[in-house]
Amino acid sequence: MNILVLPGDGIGPEITAATLAVLQAADRRLSLGLAFSRLDIGLASLAAQGTTLPDEVLAAVPRADGVILGPVSHYEYPSREQGGINPSGELRVRFDLTANIRPCRSRPELSILRKPMDLVIVRENTEGFYADRNMVAGCGEFMPDADMALAVRKITARASARVARTAFEIARGRRRKVTAVHKANVLKLTDGLFLREVRRVAQDFPEVALDEMIVDAAAAHLIRSPDRFDVLVTTNMFGDILSDEASELCGSLGLGGSINAGDTVCVAQAQHGSAPDIQGRNLANPTSLILSAAMLLDWRARRDGNARLAEAARLIEDAVEAVLADPASRTRDLGGSRGTTEFTAAVVAAVAG
């Protein structure tokens, strides 16, 4: 399996190095045949090449068997005309990575919930209110005059149906329930179209129950009764907000894995940002990107029927859980005393057996 590595900005190189150490440990134990190539994006490539997303990266993505993308500081980038392209959003649109898949599972002593959470949020990834990815030309945000700003929300039947199908396929292998989260009481046309497509796809999965819930109610029930959910499917912005909420309720945004999946390309990406304030201080928690890489292995395993990659994904997940279960082994953001390198070493040792 050939993996393209894009370390990114801030703590990105640190948690990417940690993730590669864990993958290499799994490779040594299970003889996976992993190979890695690295290219710069973000502020590093902006300084060297005048763009945060070089053409060589875009050419390399479809040739790889999977991509590991470190966090990016795109809020700090210059305008697109000056080379400041958001690599995360651009890869999602360019390679049609329709589904952002984020499992959220609470852990003893880390969760603030009264009831356990074990769910997956499947978020549409390529349109919605995200101004950098919903127009074929120009930007989805604009200002007719100095005191008025407008934003365009794009919802298509095709993208809605594809993300719905992903959600139902995941639910079929879990507890067989999908909750479609929406605001169709207000956004009657756009969320109405989204719901139409979810309901249509549901007909192909008679063994999976479909529920529908307004987004503000869903946000409340994630706190009050998270056990009512199995798989949630929703549009881009709602999914972004709800998945962050769910991860924090489970203990931390730094504990959840995430992949951006299309038909032929998959990008593993931590749920959190680049945290430049702790860059280079051995404080970053690499759990999210490590678990994202495990999800990438599992995605490839299911595509290729590769049982060994699936075994590696489970091995890495189990190793992370074993290290997190010991309070003394946790990173400082979780109340422990371990730095990035020490936590990584513990996970590597657990993978090695």
Side-chain angles (χ1 to χ4, degrees), residues 3 5-30 32 34 36 38 40 42-44 68-73 102-112 244 247-259 268-298 311-353:
I3 300 176
V5 180
L6 309 172
D9 302 315
I11 61 171
E14 298 165 66
I15 64 172
T16 299
T19 300
L20 295 185
V22 173
L23 288 173
Q24 289 162 347
D27 192 13
R28 289 191 295 270
R29 178 166 175 178
L30 298 175
L32 302 173
L34 299 183
F36 305 95
R38 170 180 166 149
D40 283 333
L43 296 174
I68 293 175
L69 174 64
V72 292
S73 301
R102 293 186 171 187
C104 300
R105 183 165 58 85
S106 54
R107 297 169 173 87
E109 300 179 15
L110 293 175
S111 173
I112 64 173
D244 282 6
S247 292
E248 285 295 333
L249 291 171
C250 286
S252 169
L253 198 61
L255 294 176
S258 172
I259 57 171
Q269 182 179 15
Q271 289 194 26
H272 56 76
S274 60
D277 56 317
I278 60 170
Q279 178 181 355
R281 298 172 58 191
N282 197 37
L283 293 175
N285 181 349
T287 299
S288 182
L289 193 59
I290 292 171
L291 291 178
S292 300
M295 292 177 67
L296 175 63
L297 296 184
D298 187 66
E311 181 183 358
R314 291 191 296 271
L315 176 65
I316 292 171
E317 290 170 357
D318 290 346
V320 169
E321 295 303 325
V323 174
L324 289 175
D326 180 4
S329 296
R330 296 171 188 162
T331 47
R332 291 177 178 85
D333 58 304
L334 301 177
S337 59
R338 297 287 179 95
T340 310
T341 55
E342 294 81 12
F343 178 86
T344 303
V347 177
V348 167
V351 169

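When a residue number appears, it is its place in the shown sequence, counting from 1.
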Undergrad: If you take all heavy atoms of A18 and T344, which pair is closest and at what distance?
TA: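 Looking at all heavy atoms of both residues, the closest pair is CB-OG1, 3.1 Å.
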Undergrad: Checking T341 now: which residues fulfil side-chain hydrogen bond (donor to acceptor under 3.5 Å, both in side chains) with it, not counting sequence neighbours?
TA: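 Only N282 meet the side-chain hydrogen bond (donor to acceptor under 3.5 Å, both in side chains) criterion with T341.
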Undergrad: Any idea which heavy atoms bring L297 and A312 closest together, and the distance?
TA: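 So the two residues come closest at CD1-CB, 3.9 Å.
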Undergrad: Kindly give the heavy-atom pair with the smallest separation between L289 and L69, and that separation in Å.
TA: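 Heavy atoms only, the tightest pair is CD1-O, 3.8 Å.
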Undergrad: How close do S329 and V323 get, heavy atom to heavy atom, and via which atoms?
TA: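 Taking S329 first and V323 second, the nearest heavy atoms are CB-O, 3.3 Å.
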Undergrad: Got L23 and I316 here, is their nearest side-chain heavy-atom distance under 4.5 Å?
TA: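 The answer is yes; the side chains approach within 4.5 Å.
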Undergrad: Roughly how far, to the nearest 0.5 Å, is the OG atom of S288 from the CD atom of Q269?
TA: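 Here the interatomic distance stands at 9.0 Å.
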Undergrad: If you measure from CD1 on I15 to CZ on F343, what distance do you get to the nearest 0.5 Å?
TA: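 The CZ atom of F343 is 11.5 Å from CD1 of I15, to the nearest 0.5 Å.
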Undergrad: Say you draw a straight line from CD of E311 to CG of L315; how long is it, rounded to the nearest 0.5 Å?
TA: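 Going from the CD atom of E311 to the CG atom of L315 covers 7.0 Å.
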Undergrad: Enumerate the salt bridge (charged side-chain N to carboxylate O under 4.0 Å, His left out) contacts for residues 326-349, please, sequence neighbours excluded, ordered by first and then second residue.
TA: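 Every salt bridge (charged side-chain N to carboxylate O under 4.0 Å, His left out) pair that includes a residue of residues 326-349, provided the two are not neighbours, is E109-R330.
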Undergrad: Return the minimal non-hydrogen interatomic distance between T331 and G339, and the atom names on each side.
TA: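 So the two residues come closest at CG2-O, 4.3 Å.
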Undergrad: With E317, which residues qualify under side-chain contact (heavy atoms from CB on, under 4.5 Å), at least two apart?
TA: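 Expected list: L291, A294.
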Undergrad: For the CD1 atom of I3 and the CG atom of L20, what is their distance to the nearest 0.5 Å?
TA: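 If we round to the nearest 0.5 Å, I3:CD1 and L20:CG are 8.0 Å apart.
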Undergrad: To the nearest 0.5 Å, what is the distance between CD1 on I259 and CD1 on I68?
TA: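 Those atoms lie 12.0 Å apart.
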Undergrad: Going by the rule side-chain contact (heavy atoms from CB on, under 4.5 Å), which residues pair with C250 if we only count those two or more places apart in sequence or in a different chain?
TA: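 side-chain contact (heavy atoms from CB on, under 4.5 Å) list for C250, sorted by chain: C104, S106, M117.
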Undergrad: Could you go through the side-chain contact (heavy atoms from CB on, under 4.5 Å) check for L110 and S252 one step at a time?
TA: CA-CA 8 Å; L110 293 175; S252 169; over 6 Å; no
Undergrad: Using every non-hydrogen atom in the two residues, find where T16 and G12 come nearest and quote the distance to one decimal.
TA: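 Smallest heavy-atom distance, with atoms named: OG1-O, 2.7 Å.
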Undergrad: P13: which residues meet the side-chain contact (heavy atoms from CB on, under 4.5 Å) condition with it, sequence neighbours left out?
TA: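 side-chain contact (heavy atoms from CB on, under 4.5 Å) list for P13, sorted by chain: P7.
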Undergrad: Got a sec, which pairs hit side chain to side chain donor-acceptor pair (under 3.5 Å) with one end in residues 18-29, sequence neighbours left out?
TA: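 Output for this query is empty, none listed.
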Undergrad: Could you work out, with salt bridge (charged side-chain N to carboxylate O under 4.0 Å, His left out) as the rule, every residue matching R107, not counting sequence neighbours?
TA: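 Only E321 meet the salt bridge (charged side-chain N to carboxylate O under 4.0 Å, His left out) criterion with R107.
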Undergrad: Under 3.5 Å, side chain of D9 to main-chain N/O of S73, donor-acceptor pair present?
TA: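 Yes: the side chain of D9 pairs with the backbone of S73.
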Undergrad: Quick check against the 3.5 Å criterion: does S274 have a side-chain atom that pairs as donor or acceptor with the backbone of P71?
TA: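 No.
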Undergrad: Taking only residues two or more places apart in sequence or in another chain, which ones pass salt bridge (charged side-chain N to carboxylate O under 4.0 Å, His left out) with D298?
TA: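 Applying salt bridge (charged side-chain N to carboxylate O under 4.0 Å, His left out) to D298 gives R302.
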Undergrad: Which residues pass the side-chain hydrogen bond (donor to acceptor under 3.5 Å, both in side chains) test with S247, not counting sequence neighbours?
TA: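 side-chain hydrogen bond (donor to acceptor under 3.5 Å, both in side chains) list for S247, sorted by chain: Q271.
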Undergrad: Quick check for you: to the nearest 0.5 Å, what is the distance between L283 atom CG and E14 atom CD?
TA: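 Going from the CG atom of L283 to the CD atom of E14 covers 8.5 Å.
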Undergrad: If we only count heavy atoms from C-beta on, is the S258 to M295 side-chain gap below 4.5 Å?
TA: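 No, every pair of side-chain atoms sits at 4.5 Å or beyond.
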Undergrad: State, yes or no, whether a side-chain contact exists between L255 and N285 at a heavy-atom distance under 4.5 Å.
TA: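 Result yes, sub-4.5 Å side-chain heavy-atom pair found.
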